[in-house]
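Here's the structure we're looking at; comments come further down.
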Amino acid sequence: MNKSKLIPMFFTTMKDYSREQFIKDVISGIIVAIIALPLSIALALASGVGPEEGLYTAIIAGFIISFLGGSKVQIAGPTAAFATIVAGIVAKNGMGGLALATVFAGVLLILMGVLRLGKLIRFIPYTITTGFTAGIAVTIAIGQLKDFLGLTYPKGTTTIETTDKVLAVVKNIGTINVAALAVGLICLAVLIIWPLVPKVGEIIPGSLIAVFVGIGLVKGLGMKVNTIGDLYSISNALPHFTMPDFSWGAIKGAASNGFTIAILAAIESLLSCVVADGMINDHHRSDMELVAQGVGNIGSALFGGIPATGAIARTAANIKNGGRTPVAGMIHAIVLVLVLVILMPYAALIPMPAIAAILFIVAYNMCGYKTFVHLCKTAPKSDILILVTTFVLTVCFDLVVAIGAGMVLACVLLMKRMADETNVSSWEYIDPKADPDCLDLKVVPKHVRVYEINGPMFFGAAERIAEISLKDYTKVLIIRMRAVPALDATAMHALEALYSECEKKGVKMLLSHVNEQPYRTMEKAGFVEKIGKDNFCKHIDDALEKASKMEN
């Protein structure tokens, strides 16, 4: 299967679609919708928007991304990775600012797909994705402490940044609501124990059971605990089209947030596709998936939703329940429409501690603490530095700073490693009369000096060329470059400086075994013409033979 095709997987799977598979897709779509219902509401509330916005996202983006996507089984919707980012945008710029940033992200995602940038995602180090994923999990958990403990904050308390939330919890811990804590702990226990129940625990999601348990506790026992209806107005209206403000000033203000959303959506969706590929032994079309993510996010923003991406947990549930084509994802979206219209008013009864408990489990599942600890124990120190830096910056600042700093740090450390591996060494000169065991070594005339370069020659290692020295009696300098896979402009400049020094001292320069990329760079820089094509030798023996005739 051609991974680079810009053809939705839906049209490919329809060629051999069967009635049996349709039945499996319908069953899987219904089950995934049941799983997505409480999660979509919980993630919307964690994102600082109303519960219906979560369903709008799962419906609009979920349907579009399944229909146009490059994966057979990807389920899209609101995810935990976006919660803190969206909450920050909404707090500062409102829903209008979020919609514009999401549209901007959608356009970027479409461009990334059209320009075939899907495979570039592999250049983001594993330590960075692990670090920011764990950081997001921590920020989600911290953000739910208020509702889980039933705390009351004074009017005007700022809780946009994670550090602000921590300070607010510490300052107001005395306002803890014991009833809310009890509901939260019971719901948390249900979420932990329910999946262990044979058969039923695998079919009915624990989050749905926790919601019903929470409602039963609050309404049945008359507990004074905040519910969704106490804090938000609930609507079962279908999503309607809303045009964001596309003025130049607004676009400039939304650009950085849009870039963040696009990068995170690309990373998470393609990671989800890779996980799904392993589960169904198939290959997704990464570029088509990016286009679909772009269109899906634009659709979500224009119809009142929030950013969406591929959801690994819901995608895995789809696969486990028999979904094997995009039809399952489309059915999941249609079922959620029915839920929105018929059952949405009852969402007002859901206690906030139950939502917090669900998000605690979401944060736990996404944090990957075992992987984090394993990397800290086994990875090189430089990788641990990248991991911890990305994690800390995600928690203390935001994802833009974290990924930016992580990538810069990763690139700097990579260049240092490459520079450390690059060396320029002179051949040792041994007297055959003094050492009879050296008869199999190359014969190098006294007037010839041979240096060998090993490793890529780039700006981080270019100064090594300055280590090449010439003797008073040196007439010919041979540079052996068989182990140089690449040469950049800085290293090229250093070579030109060395050639100028050789010219001043009357020393001829020969190059042996120059690989394709370095030769092209030299040719483009005019270096080949400067020293002459005849002075480029295919083998060291050819260079030594030529040098031996150049004594005078």
Side-chain angles (χ1 to χ4, degrees), residues 38-51 53-54 57 78-95 98 131-154 156-173 175-177 180-181 183-185 187-188 191 207 210-211 214 225-228 230-232 257 260-261 264 268 306-307 311 350-369 391-402:
L39 284 177
S40 297
I41 292 173
L43 291 169
L45 297 180
S47 301
V49 299
E53 274 83 356
T57 307
T79 62
F82 283 116
T84 53
I85 298 170
V86 172
I89 297 172
V90 171
K92 294 177 182 176
N93 306 318
M95 283 299 294
L98 174 64
F132 78 65
T133 301
I136 290 170
V138 169
T139 59
I140 289 171
I142 291 172
Q144 298 311 305
L145 289 175
K146 177 181 181 292
D147 290 328
F148 191 79
L149 299 174
L151 302 179
T152 303
Y153 293 169
T157 302
T158 303
T159 55
I160 297 176
E161 303 295 339
T162 304
T163 49
D164 295 334
K165 293 175 183 177
V166 172
L167 289 173
V169 169
V170 173
K171 289 180 180 178
N172 299 284
I173 193 67
T175 64
I176 188 170
N177 182 339
L181 178 59
V183 172
L185 288 172
C187 290
L188 193 60
L191 288 162
S207 55
V211 163
V225 176
N226 279 336
T227 64
I228 292 178
D230 294 330
L231 303 179
Y232 301 91
N257 290 326
T260 304
I261 293 170
L264 186 55
E268 190 170 12
I306 60 178
I350 301 174
M352 294 305 294
I355 294 294
I358 291 171
L359 289 169
F360 278 155
I361 295 298
V362 169
Y364 173 80
N365 289 334
M366 77 176 293
C367 74
Y369 75 94
F391 171 76
V392 172
L393 291 177
T394 301
V395 174
C396 296
F397 295 96
D398 59 47
L399 205 59
V400 179
V401 175

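Please read all numbers here as calculations on a predicted model, not as lab measurements.
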Rounded distance (nearest 0.5 Å) linking atom CZ of F397 with atom OG1 of T163: 8.0 Å
Any donor-acceptor N or O pair under 3.5 Å, side chains T260, N257: no
Step-by-step side-chain contact (heavy atoms from CB on, under 4.5 Å) determination, M366 to I136: CA-CA 9 Å; M366 77 176 293; I136 290 170; 3.8 Å; yes
Where at least one partner belongs to residues 134-145, residue pairs that pass side-chain hydrogen bond (donor to acceptor under 3.5 Å, both in side chains), sequence neighbours excluded: none
pair N177-L149: side-chain heavy atoms closer than 4.5 Å: no
Nearest heavy atoms of P78 and I306, plus distance in Å: CB-CD1, 4.0 Å
Pairwise side-chain contact, V90 with S47, heavy-atom cut-off 4.5 Å (strictly under): no
Close side-chain approach of M352 and V225, heavy atoms under 4.5 Å: no
V138/F391 under side-chain contact (heavy atoms from CB on, under 4.5 Å): CA gap, chis, key distance, verdict: CA-CA 9 Å; V138 169; F391 171 76; 3.7 Å; yes
Worked check of ring pair (Phe, Tyr, Trp, His ring centres under 6.0 Å) between F148 and F360: CA-CA 9 Å; F148 191 79; F360 278 155; 4.9 Å; yes
Any donor-acceptor pair under 3.5 Å from T157 side chain to Y153 backbone: no
L45 side chain reached by P51 side chain, heavy atoms, under 4.5 Å: yes
Nearest atoms (heavy-atom pairs only) where I142 meets K165: CG2-CB, 4.0 Å
Spatial distance of atom CD1 (I358) from atom CG (L39) [nearest 0.5 Å]: 7.0 Å
Validation row: D147, I355 side chains within 4.5 angstrom (heavy atoms): no
side-chain contact (heavy atoms from CB on, under 4.5 Å) assessment of I89 paired with I261: CA-CA 11 Å; I89 297 172; I261 293 170; 4.0 Å; yes
Criterion side-chain contact (heavy atoms from CB on, under 4.5 Å) on K146 and T152, from CA distance to verdict: CA-CA 8 Å; K146 177 181 181 292; T152 303; over 6 Å; no
E268 and T79, any side-chain heavy atoms less than 4.5 Å apart: yes
Distance, nearest 0.5 Å, that separates CG of L167 from CD of E161: 11.5 Å
Smallest separation among heavy atoms of N172 and L151, with atom names: O-CD2, 3.6 Å
4.5 Å side-chain heavy-atom contact, L98 and N93: no
Minimal non-hydrogen separation, L359 against I140, with atom names: O-CG2, 4.0 Å
P353 to N226 - nearest heavy-atom pair and separation: CD-O, 3.9 Å
Test item: V49 and Y232 side chains (from C-beta on) under 4.5 Å apart, heavy atoms: no
Nearest non-hydrogen partners of A81 and L264, listed with the distance: O-CD2, 3.4 Å
